[in-house]
Amino acid sequence: MYRYDEFDHQFVRERTAQFADQTGRRLRGELTEDEFRPLRLMNGLYLQLHAYMLRIAIPYGTLSARQMRQLALIARKWDKGYGHFTTRQNIQFNWIKLEDAPDILAALADVEMHAIQTSGNCIRNVTTDHWAGAAADEIADPRPVGELIRQWSSLHPEFSYLPRKFKIAVTGAPHDRAAVKTHDIGLRLQHNEHGERGWEVLVGGGQGRTPAIALTVRDFLPENELIAYLEAIMRVYNLYGRRDNKYKARIKILVHEIGPDKFRQEVESEYARRPKQETQVEERELTRIAAYFSPPSFEKLSRWSVRFEEARSTDKEFAKWVRTNVAAHRVDGYAIANISLKAPGEIPGDASAEQMETVADLADRHSFGEIRISHAQNLVLPHVKRDDLYSLWQALVKAGLGTANYGLASDIIACPGLDYCALATARSIPVAQSISRKFADYERQQDIGPIKINISGCINACGHHHVGHIGILGLDKKGEEYYQITLGGASTEDSSIGSILGPGFAGADVASAIEKIVDTYLSLRKPGEEFLAAYRRVGAQPFKEALYAAA
Amino acid sequence: MNSLEKGQALTANRLRDGEVVFYTHAGAWSESIDDAVLATEPLAAKALEERGKQDEEGTLVTGAYLFDATRENGRVKAVHIRERIRTRGPSVRADLGKQAEGKGGAFGPALSGV
């Protein structure tokens, strides 16, 4: 994992000291709220419904066991004993006191963490594949590039006052688990016909009130020209991006307004103007960073683990978990263990301080001290020996973390919604809870197969409803919560935006409506056909009939 | 006297810790909606709003605003669900927030709906 150098340490410490001073001035009345608000937001401190909320960056979703323990300590000491892992691979604490915030930032700095650029019109935390460095299908670990982008974009003076916030996602694998097509910039590593590595550069994707799939601006960018090319994109955006209307300020609006050809031409001519020698700096820097991400010292193991196979054949519950939550590792004898934060009826993405500590201990014992956060709000132990999977699972079950539902109907993405969020128009969590309870049965979920149900509590779409196979959007209709359902969204390499099915539902009726949709799919699918494929084959009509015909 | 009064109450977050607070008859801020003063006519609401601005400048509170509320049998209730959740705490964690501290007002055991 990446370790801070002296410059990183210095700049995070300096920023913490600045914020302590600013907070003191605010509390003494030397700064007005209008003066202070942008300062606290630049440090990830929001004001939500019940208290201040602190959003902490987890760069490219990677945490060490030590960092996870520090998050548990923060939860216990300064919050109410839990935290919420978000769809941006970050963590949020919901009950923060302003007067404690400087101490919390200092505690984060102790473990090389911060909350810088988790808010505001800047380049936000870079997200990536939560199986990075472990996935069997990976071309290369995308995290060194994630770190390079983090260092380049942190406090970058030219890109600190963009027209609007800016999100970059990177994948090093052909199967896209990082949803790169729904980010302002998506980067996909690939090989060209000469076997060289390079980036497909996608621009203008996004969710929110105007969802869009990113367009490919460059098919193949040599690997070490990345930062220079990103700068060209940012400059075009900084120059032409709209600042007159907040809702039209994201780069997706620019790309789609001027058209892909014109946008591409602007980027390429800006890029052509740039001095080329800068790429050498990038190569050197990337090599330096990549050394921190060199693979852990894997043992030479047989692909076949007797202990694992025996446990799987004797313990049915373990076999269920293995079937859903364990994924192939690129090294023989190892596996990726996905830890669900979606036990039926629980709050998606929430983890107690005790659970964080359990996961940290298990990471130390079984996964070289490494933990990942997924954008679907689950945790991952990326490097577990197959020999150890059974004892890992037993420990997870004891901590309430052994739910076997990864990628299935009860593995629901949900934003905090109106239970916590000042922007929300309706609650998300209770809807997720009612659906996950309805689909809790393992055999039924297995029968349904892979399905993504995503819920947002407002049009800003933090719950990724646009790209859920089934998306649910909570709105306010004359003071009452109601929920719009969309079908056919996807966030992988075949990304699409879901379409609204019809009139919305009251909260109490949503779970039954989802059940009808799922039952309709079960009745019309071909053998082996997954939900999304079936929807794409038959369209919305059969689902509309099932939901609305009787009414 | 079981009359139902409609009006507006003033809420804000306490600056130093973010706690949700309500403006009271006594001109202070209380953590419980039951202590909120209800402005039943526009002039009174405007006066309340002014008090909020003053206390924002005085660094007591931040983000002060009026919300629709009713008073019945001496208990003040928020009309909109957003304010009801703010007044009680998260509907999905009855063990947290004002509702867990006996300061959640008179809304019954849980919010219905979902």
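Numbers restart at 1 for each chain; the letters A, B, ... are given by sequence-line order, proteins then strands.
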So, [X] side chain and [Y] main chain: donor-acceptor pair closer than 3.5 Å or not?
X        : Y        : result
A:Thr403 : A:Asn405 : no
B:Asp55  : B:Val61  : no
A:Arg40  : A:Leu45  : yes
A:Asn454 : A:Gly471 : no
A:Ser456 : A:Gly463 : yes

Query - Region of B:Glu57 in contact with chain A, defined by heavy-atom distances below 4.5 Å - result: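 Contact with chain A involves no heavy atom of B:Glu57 at all.
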
So which part of [X] gets closer than 4.5 Å to some heavy atom of chain B, the side chain, the backbone, both or neither?
X        : result
A:Glu99  : both
A:Arg26  : both
A:Asp476 : side chain
A:Leu418 : both
A:Leu49  : both
A:Gln433 : side chain

Query - Check: A:Phe36 and A:Thr32 side chains under 4.5 Å, non-hydrogen atoms - result: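 Heavy-atom side-chain distance check fails, nothing below 4.5 Å.
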
Requested in this report: Taking heavy atoms only and a threshold strictly under 4.5 Å, list by residue number the residues of residues 39-52 of chain B that touch chain A; give 'none' if the list is empty.
Outcome: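 Listed by number, there are no contacting residues, so the answer is none.
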
Query - Those residues of residues 5-20 of chain B, ordered by number, that approach chain A below 4.5 Å (heavy atom to heavy atom) - result: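 Within residues 5-20 of chain B, near chain A: B:Asn13, B:Arg14, B:Leu15, B:Arg16, B:Asp17, B:Gly18, B:Glu19, B:Val20.
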
Top contributor to chain B interface from [options] [non-hydrogen pairs under 4.5 Å]:
options                               : value
A:Ile429, A:Asp350, A:Thr23, A:Asn94  : A:Ile429
A:Ala422, A:Pro416, A:Gly81, A:Gly417 : A:Ala422
A:His50, A:Lys80, A:Lys97             : A:His50

Query raised in the report: Cation-pi between B:Arg93 and A:Tyr82: NZ/CZ under 6.0 Å from ring centre and within 45° of the ring axis?
Result: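 Ring-cation test returns yes.
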
Query raised in the report: How would you list all residue pairs meeting ring-ring contact (aromatic ring centres under 6.0 Å, His included) that involve residues 28-54 of chain B, not counting sequence neighbours?
Result: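 As it turns out, the ring-ring contact (aromatic ring centres under 6.0 Å, His included) pairs with a partner in residues 28-54 of chain B, which skip direct neighbours, are B:Tyr23-B:Trp29.
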
Query raised in the report: Looking at residues at least two apart in the chain, or sitting in another chain, which of them share a side chain to side chain donor-acceptor pair (under 3.5 Å) with A:Tyr482?
Result: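 Expected list: none.
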
